[in-house]
Amino acid sequence: MHANECFVDFILKRANPDDAKEAMTFQDEAWSYGRLKQEIDALKTVLVNNEVQPGDRVIIRMDAEPIAIAMSLAIMSYGAIYVPIATDIPNVRFLSIIDAVAPSLIVCARDAAEDYGAEECIELDTIKLHRMAGSPPTDTSHNQDDKDAYIIMTSGTTGVPKGITMTHSAAIAAIKGYHEMSIDADNRVGSISPLHFDFCIFDMAITFYFGATLVLVPKILAHYAKGFIKYLNEHSITRMHSIPSVWRPVLDSSDANILNSLTTLKSVLYAAESFPVKDLLTLQSKLPNAEFVQSFGHTESMGCCFKKLSNPICAHKGCVSIGKPLLNTEMFVINDQGDLAQAEEVGELYIKGPHLFRGYWCNPEQTNRSLVADPRGDEGITFKSGDLVFQDANDDFYFVGRCDHQVKIGGNRIELPEIDRVINEISDVSAATTIVNDNEGRKTIECFIVNKSSLDWREFVLMVRKNVSQLLPRYMMPTDFYAAHSLPLLSNGKVDRSVLKDVNKRKEYLVNKGVSI
Amino acid sequence: MERKEFYSKVIAYLNDRTDVPSDWAWGDTDNLFDVGIIESFDLPDLVNKIEEITGNEIQVSGLKVEHFYTLQTMYDSILRDMRLSC
């Protein structure tokens, strides 16, 4: 592989401008591979005409639809850096991302009302381009032969989102690593991930790489079981790629036979969070002929392993295997003593391979904490993942948790300290902390607050919610709030979250023994 | 269905499901997600409830999460699409 190979050329190498094969579809709109290539070329001209330079960051803040997918490919193909951002994050957070990545262009849906202080706004069919001022600084701390392809913004403990930066060669290596997954070209791959998840990039890349058809599923259908099943059938989806929680409304549906009407689905791939074992077994029992695949990894490497699961799955120590490393990937486990862990021994997962990210955008300190020398003393850099895993006697890996306070909810990576920081800055809050409540794999955020305001507790919580909603994405909003007299502390002065996770132990700290709202 | 009737039925449902203060002033343009009245995981139930209230199936085409943000957007977007499909 050449260091300067383009990710887009790699995934579209099977397509040509005359190719009538359907590349992607969304609702009533279908694009052939030929049209996709033509649109990419046309959008590259739009970038040139808007004075975007190779290496510039271009933000797309849109839902996943064909024009947004084509624009993302045009950006990377042109040599600029694609930065997908969620459509529903608070404006304050979006502005902090603009500060961090200094884009030269922001691409939105034409009907989006936001004003980013652009020099000029250009409306173009269904999209709107915001031309941003100035020539921003570039992160030059890397080998310039291996260009950056995209940046995924994720929750950061300091309150500023981290920009995980992937190069073209790393993204290509990741897709090559999935070669064994081998998707036949006649497959129709359902994708419901928003643009700002790298899962969306994975879906797009793996589908186009194998010459299959990408079917974009409207995100609202993740909340509408009947509509979701109807859409899968109407679009003859054969493989559905999603986070596990997309299946939750279907599993919770009052219509016990809702899955019986699925006629085309042959394979379910899930990633980005654990599938609650009970829910997975239920889904498997209702789709007895479907193949189930778990893909596991981090945005820092797109993926590192996958596993075709048995139906029904066999859990080991309550965990579902995440499989073995991808092609050209090394995974190993380091225990508390800094040694390689034995079989069945839990330790921290380290990953090594050509698909590792280049670093966190303009954040060398954080990069140096995560990309470290190989702890075994071998040459090369490894990614210190923060995941706690173990290997069984067959070398299969199992995920058991995290070393830190990072959690995954609805596929979103959340640093709990970031939520704590925002709530602790509210003037009527004396102290606050958050934990994750795990109810048989279904996770929600619980917040404990020592309140010094004179407001009624319910009014106080509404005020807190309003404050949080102005600064953090909706998925970081705690579900339950508890009034506390004080918070349990460790000897080092930090909050002892383990006490708050124990419903009996925490009672002594809570007002009214813990009535949530 | 008239707007007023739709609002009162949805408010009655949300009052049952959430712990909003008893004197909460329901505004038709308040973002119900931002104040925590609707969590994203409650959406499936709300979708079912709107189908029950209106006696119609929600149209998938063009449907967005944003349509559930406020009472007004629910009525204007979702019920409009139902009417168009009839």
Side-chain angles (χ1 to χ4, degrees), chain A residues 26-28 63 87-88 90 109 111-112 194 217-231 234 245 248-255 409-410 412 442-445 455-470 473-475 477-481 515-517, chain B residues 10 13-27 29-70 72-74 76-82 84-85:
Chain A
F26 176 65
Q27 298 190 338
D28 302 328
D63 289 331
T87 52
D88 58 355
D111 57 3
V217 181
K219 66 180 180 185
I220 181 67
L221 297 186
H223 304 286
Y224 182 33
K226 209 162 36 176
F228 178 64
I229 297 298
K230 194 173 166 191
Y231 196 88
E234 281 178 357
S245 48
R248 187 175 301 164
V250 174
L251 295 169
D252 290 348
S253 172
S254 55
D255 178 0
I409 297 182
N412 294 290
R442 296 183 173 202
K443 295 174 185 165
T444 53
I445 301 171
L455 286 174
D456 163 80
W457 172 246
R458 293 185 195 285
E459 285 178 42
F460 173 75
V461 170
L462 284 171
M463 182 273 291
V464 171
R465 283 183 180 278
K466 213 153 201 170
N467 272 273
V468 173
S469 72
Q470 285 163 6
R474 192 159 288 131
Y475 59 79
M477 177 74 79
T479 304
D480 296 300
F481 288 84
V515 179
S516 75
I517 174 170
Chain B
V10 174
Y13 168 73
L14 294 174
N15 263 324
D16 272 356
R17 289 289 304 258
T18 55
D19 286 323
V20 290
S22 52
D23 58 348
W24 176 256
W26 290 88
T29 56
D30 287 339
N31 189 318
L32 303 173
F33 284 82
D34 285 350
V35 291
I37 289 171
I38 303 174
E39 299 297 338
S40 60
F41 292 141
D42 290 335
L43 254 189
D45 294 338
L46 180 61
V47 167
N48 291 337
K49 190 67 191 178
I50 291 175
E51 288 189 337
E52 184 192 313
I53 289 171
T54 58
N56 280 309
E57 201 166 287
I58 288 178
Q59 298 305 303
V60 170
S61 181
L63 188 66
K64 294 182 171 180
V65 176
E66 290 81 347
H67 295 158
F68 295 89
Y69 280 0
T70 69
Q72 189 181 78
T73 54
M74 281 183 227
D76 289 346
S77 307
I78 301 167
L79 270 73
R80 181 202 60 204
D81 289 344
M82 281 178 177
L84 287 176
S85 73

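We use all heavy atoms of the structure for the numbers below, so side chains are in, but hydrogens, waters and symmetry mates are not. Reminder, nothing fancy here: chain letters follow the sequence lines and each chain counts from 1.
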Asks: Once side-chain hydrogen bond (donor to acceptor under 3.5 Å, both in side chains) is applied, do any residues pair with Lys219(A), and if so which ones, sequence neighbours excluded?
Replies: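 Listed in chain order: Asp63(A), Thr87(A).
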Asks: Considering all heavy atoms of both residues, which atom of Val65(B) and which atom of His223(A) are nearest to each other, and what is their separation?
Replies: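 Looks like CG2-CD2, 4.3 Å.
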Asks: For Asn31(B) and Arg474(A), what are the C-alpha separation, side-chain angles and deciding distance, and is it a side-chain contact (heavy atoms from CB on, under 4.5 Å)?
Replies: CA-CA 12 Å; Asn31(B) 189 318; Arg474(A) 192 159 288 131; 3.9 Å; yes
Asks: Let's go through Ile220(A) and Leu43(B) carefully: what are the C-alpha distance in whole Å and the side-chain angles of both, what is the deciding distance for side-chain contact (heavy atoms from CB on, under 4.5 Å) to 0.1 Å, and is it a yes or a no?
Replies: CA-CA 9 Å; Ile220(A) 181 67; Leu43(B) 254 189; 4.2 Å; yes
Asks: Measure Ile58(B) against the heavy atoms of chain A and call it side chain, backbone, both or neither at under 4.5 Å.
Replies: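 Both the backbone and the side chain of Ile58(B) come within 4.5 Å of chain A.
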Asks: With sequence neighbours excluded, tell me which residues meet side-chain hydrogen bond (donor to acceptor under 3.5 Å, both in side chains) with Ser253(A).
Replies: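 So Ser253(A) forms no side-chain hydrogen bond (donor to acceptor under 3.5 Å, both in side chains) with any residue.
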